[in-house]
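Step one of this worksheet: look at the structure below.
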Amino acid sequence: MEQNLLSSFTQTLKNHSKPSLKPLCIARSLITNPSTTNQTISSIIQTLTSNPHLPLHHLTTLLSQISLTHPHFSPTITTLLHSLLTRPAAVPPRAATLALSTLVSLPPASDYSDMVTAEGLFLSLCFGSSVPVRHRLLLDAERYDVRPSILLTVFLGFAQDPYPNVRRDALDGLIGLCNRIVVEDRGMIEGCYLRGVELFADTDDCVRCSSVRMVSEWGKLLVANSDDKSKRDLSDALYVQLCSMVRDMSMNVRVEAFNALGKAGMASQYLLMQTLSKKVLDEVKYPGQLSGKLFRSRALSAAGAFLHGLEDEFYQVRSSACYSLRMPAIVSADLAEKVVGLLMDVLNDDSTVVRLQALETMHHIAVFGNLKVQEMHMHMFLGTLVDMNSPVRFTSRKVLRLTKFDNMPMFKLAVDSLIHSLKIYPHDEPDVLSVVFEIGRNHRSFAVSITEETFLEMEPSTASNWDFDSSKTAAMLTLAISAPLSHEKQQHSNIIPPAIFSYAVTMLGRISNGLTEVMDQATLLSYLSHCSTSTGPHPVEVKDDLTMENCRISVSHAVDPLQPHDEEYKVVKLVLSNIAEIWQPMLKLGCTSELLAALRCWKEELTTHITDSRQSSSVLTFTLQYLHVVKLLSKAWWHVMRPSDEAGELGYILQKLETKLRGLRYRFIGLSKEDELHIEELTLVVSTLRLSTYDPRIREPALKKLLNYKEASTEPSRFLTELKNTLQKDESDIYRFHKPLELFTLKKLVLSRDLRHTRAEVEIQDNDWLKPFPFVAGLPVGIPLNIKLHNTPLESKLWLKMSCSKDAVDYVFIDLKQFEGSDEIREYRFIAPFYKTPKVNSFMLLLCIGMECEDVTCCRGHGCGGPNHELVYLCKEKQVFFSMVNK
């Protein structure tokens with residue numbers, strides 16, 4: 001069959017002097033079939049290149065397809081495409097673009113590695129007359145290894161192109177450059193910012209959307225590069241400029257404007273207050289659009305910006321406005337009160353998305369301690385407890401946990417509303433009881449007062465018909481038993497009758513289901529039994545240890561969810577459990593976007609528990625990095641299972657994924673054996689994903705890594721077993737690795753509370769671009785450093801890496817015996833020598849501290865005296881500036 005198709009392709013192509021699609025379809029069917037022999041592919045290439053009548057864009061398309069499905073022909077394809085590009089005038093623009101795109105994705109041939117040629121061709125095609133070609137080149141500009149300075153000029157120029165799609169692509173390219181390169185020229189930053197502001201008045205919606213994002217990114221960069229005196233003015237200027245777009249005619253532009261406001265830096269309190277009021281508070285002028293001498297914009301453009309967003313006809317805009325209100329609410333209590341008042345009105349919104357976002361914003365405010373619900377808003381707020389949407393009810397209860405009530409009526413109304421919600425949604429009982437327990441602990445005196453009233457109704461001697469099997473009883477008993485465990489100052493005048501604890505024992509199962517994150521059932525039973533053994537009412541007093549007959553329990557330690565890091569540990573356990581449950585099913589269903597959205601939500605939830613990035617717990621830091629690993633793994637999985645021509649992007653993702661996994665494996669001390677094996681298995685998965693691609697640059701090192709892992713002592717799993725069988729088969733079909741991948745599953749990690757994070761802090765005093773260190777070109781220079789190491793065992797091998805270019809890299813071994821302190825914290829001051837000073841007037845040096853991974857052999861030469869294994873870096877790169885000594 002293969003020979004018949006090849007013969008038909010050859011004959012048909014020879015018999016048709018005019019272009020025909022039939023032979024091309026035959027050739028494509030042979031090329032895309034992974035079973036086609038190399039001899040047939042060679043014949044197809046020879047036939048295609050020897051036919052002078054074949055249109056060049058068809059030729060480049062088929063050659064590009066061959067490079068993807070048959071990577072061992074890459075040198076031949078590289079030679080053919082380069083020969084085409086040496087005469088660009090004879091090649092149509094679309095064919096030249098496809099040829100260039102294919103060429104940069106292939107391994108460079110030794111004779112054709114001049115990237116200046118690619119850069120020149122890229123520029124000539126960009127400035128050609130073909131709009132689709134220009135559009136594609138600007139979209140993929142990062143792939144062509146064009147110098148950033150050239151790209152910046154090209155993007156700025158095409159931001160004024162007559163075609164809106166090109167203008168949009170140019171602006172998106174500038175946004176990408178802002179996030180990828182370091183720009184220190186204030187004039188250049190100002191120019192990019194101004195170009196974005198000019199396009200606020202563009203006639204096309206998509207251009208204005210991109211211009212809003214561009215002004216936001218470059219505006220923040222402009223603020224960051226300004227001096228302290230003008231930083232606040234420029235920050236206000238940026239905020240006012242973004243506010244001017246919240247009344248745009250396009251819904252998408254308004255959404256982008258509010259998203260940008262939510263990500264903007266801090267602004268002055270007066271300006272933020274103006275955005276919450278339609279009345280102009282003063283005639284003070286704010287800096288807005290930059291110009292040569294003075295830039296002005298009246299505060300009128302900011303007046304009532306958020307009010308317009310919350311009243312918008314589209315729910316997408318209202319939701320975005322709710323999200324962007326997070327920043328003003330954490331600046332001051334006055335702003336928070338104003339914001340909460342606006343959000344209360346939004347809780348009646350018809351859209352579930354808007355109501356949910358409003359509650360999420362309120363939770364964000366509560367985390368920062370600025371949430372204060374007024375009595376007139378209580379009914380509106382508590383009404384969300386009976387919302388028809390389950391996530392809305394859950395988020396409302398999450399806000400209620402952190403709400404502080406000023407008086408008894410407000411507290412009683414909250415408890416009654418929770419009980420009322422139980423009658424409507426009985427399946428919410430565990431979470432509702434958990435909230436009741438939480439607010440009872442936070443408001444002890446109120447809980448005791450309600451318990452005293454309830455006890456009179458529960459007494460069997462009364463005439464009341466109290467139902468002891470109702471949800472109300474479970475809630476009231478949960479509230480009562482929470483009071484003795486409160487952290488508020490104990491008052492002996494408040495007493496809890498022991499009978500209450502006896503009643504609670506009869507509902508042990510229901511109550512313990514709501515307190516699973518606080519204490520287990522056995523601890524709860526011990527606590528209730530002890531408190532019910534008194535002969536009469538006893539003062540509410542909690543001791544560290546409660547003595548009981550035949551046993552001794554530590555209630556304050558067993559049930560206290562507010563010990564340091566306990567709350568975040570509860571969230572971490574929930575997140576790790578959910579990841580393991582949903583990852584594989586969602587990938588199999590093709591719901592990659594939904595999976596990534598869920599990962600982002602969990603990341604946001606975890607980051608709310610970080611109060612100081614330097615003091616965040618090791619468990620939380622590990623979980624955030626593990627979320628990033630799962631995100632990268634999901635993206636790589638999507639690329640492999642749905643092959644595309646974006647091999648470069650896949651290679652970048654896999655490289656980053658390996659680096660992150662190496663950090664999890666070697667930067668955390670105290671991982672269990674099961675967790676270490678799971679991370680090792682994830683490393684095997686990454687190597688298997690590499691073998692499932694067409695790119696030989698990715699496949700070859702992965703195969704070596706898998707062969708090295710074959711003798712590793714790992715727990716057998718279905719994935720590992722199938723992978724071992726697949727490696728033993730001598731086949732060239734890359735799809736054979738899909739089967740072991742389909743058997744892989746994420747395991748549920750159970751992290752120890754004793755986990756320790758290895759990290760480093762490097763301080764360089766009195767050095768920045770205004771105060772550089774002096775040096776003499778060609779001679780060594782010393783760099784004074786203050787180094788602090790956290791959780792670093794004495795046997796660790798640390799290196800200080802210093803580089804000013806790819807070729808000029810020095811490594812200095814760090815002897816931990818010279819440090820003062822213990823494994824937990826070590827400190828040391830020393831002068832690091834850098835020998836490869838360049839012959840320039842000034843230069844910038846990047847340095848960071850890395851730790852050798854003993855099990856990972858270094859795959860690149862570090863030079864004499866450098867590390868023998870791969871490094872995992874313990875801190876971010878620090879910049880050191882030098883200036884030559886004047887004679």
Side-chain angles (χ1 to χ4, degrees), residues 164 167-168 171 193-220 234-265 267-291 295-329 335 338-339 341-343 345-346 349-351 353-354 357-358 361:
R167 297 198 298 273
R168 178 196 61 197
L171 292 176
Y193 175 85
L194 281 174
R195 184 55 51 86
V197 172
E198 289 174 8
L199 293 173
F200 275 3
D202 197 277
T203 57
D204 197 273
D205 296 353
C206 68
V207 179
R208 296 200 301 278
C209 285
S210 294
S211 68
V212 170
R213 292 195 297 271
M214 179 182 168
V215 168
S216 175
E217 295 298 327
W218 284 92
K220 288 187 286 187
L234 289 175
S235 181
D236 287 348
L238 173 62
Y239 208 81
V240 170
Q241 200 64 258
L242 294 173
C243 286
S244 67
M245 298 302 290
V246 300
R247 298 176 181 83
D248 193 273
M249 294 297 293
S250 169
M251 180 268 290
N252 292 327
V253 176
R254 297 198 296 274
V255 170
E256 287 292 347
F258 280 113
N259 288 341
L261 287 173
K263 299 174 184 177
S268 63
Q269 183 171 347
Y270 173 86
L271 178 59
L272 295 175
M273 189 65 77
Q274 180 66 83
T275 62
L276 304 176
S277 173
K278 291 184 179 180
K279 180 181 177 182
V280 179
L281 303 179
D282 201 348
E283 292 296 323
V284 177
K285 296 182 178 180
Y286 285 87
Q289 179 176 340
L290 293 170
S291 62
F295 42 97
R296 295 178 179 176
S297 177
R298 299 179 65 84
L300 184 62
S301 60
F306 287 109
L307 295 179
H308 285 282
L310 297 176
E311 296 169 358
D312 198 276
E313 60 179 315
F314 294 99
Y315 78 88
Q316 295 94 331
V317 180
R318 300 197 298 273
S319 176
S320 181
C322 288
Y323 173 81
S324 60
L325 279 170
R326 293 184 175 195
M327 194 274 283
L335 283 169
K338 188 83 172 177
V339 169
L342 294 176
L343 291 174
D345 295 333
V346 179
D349 198 279
D350 295 334
S351 171
V353 175
V354 178
Q357 186 58 67
T361 301

Exercise for the section: Could you give me the CA-CA distance, side-chain angles and deciding distance for Arg318 and Asp349, then say whether salt bridge (charged side-chain N to carboxylate O under 4.0 Å, His left out) is met? Expected result: CA-CA 9 Å; Arg318 300 197 298 273; Asp349 198 279; 2.7 Å; yes
Problem - Minimum-distance pair of heavy atoms, taken over all atoms of Ala358 and Val346 - result: CB-CG1, 4.0 Å
Fill in the blank from the handout: Between the CZ atom in Phe314 and the CZ atom in Arg254, the distance rounded to the nearest 0.5 Å is 6.0 Å
Problem - Under 3.5 Å: donor-acceptor pair, side chain of Gln274, backbone of Ser277 - result: yes
Completion exercise
With sequence neighbours left out, the residues meeting side chain to side chain donor-acceptor pair (under 3.5 Å) with Arg208 are Asp205, Asp248
Problem - Trace of the side-chain contact (heavy atoms from CB on, under 4.5 Å) decision for Met214 with Tyr193 - result: CA-CA 7 Å; Met214 179 182 168; Tyr193 175 85; over 6 Å; no
Exercise for the section: Compare all side-chain heavy atoms of Leu310 with those of Asp345 and state whether any distance is below 4.5 angstrom. Expected result: no
Determine all donor-acceptor pairs shorter than 3.5 Å in which one atom belongs to a side chain in residues 256-263; sequence neighbours excluded.
unit_1 : atom_1 : unit_2 : atom_2 : d
Glu256 : OE2    : Arg213 : NH1    : 3.1
Asn259 : OD1    : Ser320 : OG     : 2.7
Asn259 : ND2    : Val255 : O      : 3.3

Handout entry: Asp204 side-chain N/O to Pro164 backbone N/O, donor-acceptor pair under 3.5 Å
Key = no
Fill in the blank from the handout: Of all heavy-atom pairs linking Cys322 and Thr361, the shortest is O-OG1, 2.8 Å
Practice task
Could you give me the CA-CA distance, side-chain angles and deciding distance for Tyr239 and Leu272, then say whether side-chain contact (heavy atoms from CB on, under 4.5 Å) is met?
Solution key: CA-CA 9 Å; Tyr239 208 81; Leu272 295 175; 3.6 Å; yes
Fill in the blank from the handout: Rounding to 0.5 Å, atoms OG (Ser216) and CG (Leu238) come to a distance of 6.0 Å
Problem - Ser324 side-chain N/O to Ala321 backbone N/O, donor-acceptor pair under 3.5 Å - result: yes
Handout entry: Distance in Å, Leu242 CG paired with Phe200 CZ, rounded so as to fall on 0.5 Å steps
Key = 6.0 Å
Problem - Interatomic spacing from OG1 in Thr275 to CG in Leu325 - rounded to 0.5 Å - result: 7.5 Å
Exercise for the section: Find out whether Phe306 and Lys338 are in side-chain contact, i.e. whether some heavy atom of one side chain is under 4.5 Å from a heavy atom of the other. Expected result: no
Practice task
Can you see which heavy atom on Arg247 is nearest to which on Ala305, and at what distance?
Solution key: NH2-N, 4.1 Å
Practice task
Could you tell me the separation between the OG atom of Ser211 and the CG atom of Leu171, rounded to the nearest 0.5 Å?
Solution key: 6.5 Å
Exercise for the section: Report the distance from atom CZ of Arg168 to atom SG of Cys206, rounding to the nearest 0.5 Å. Expected result: 5.0 Å
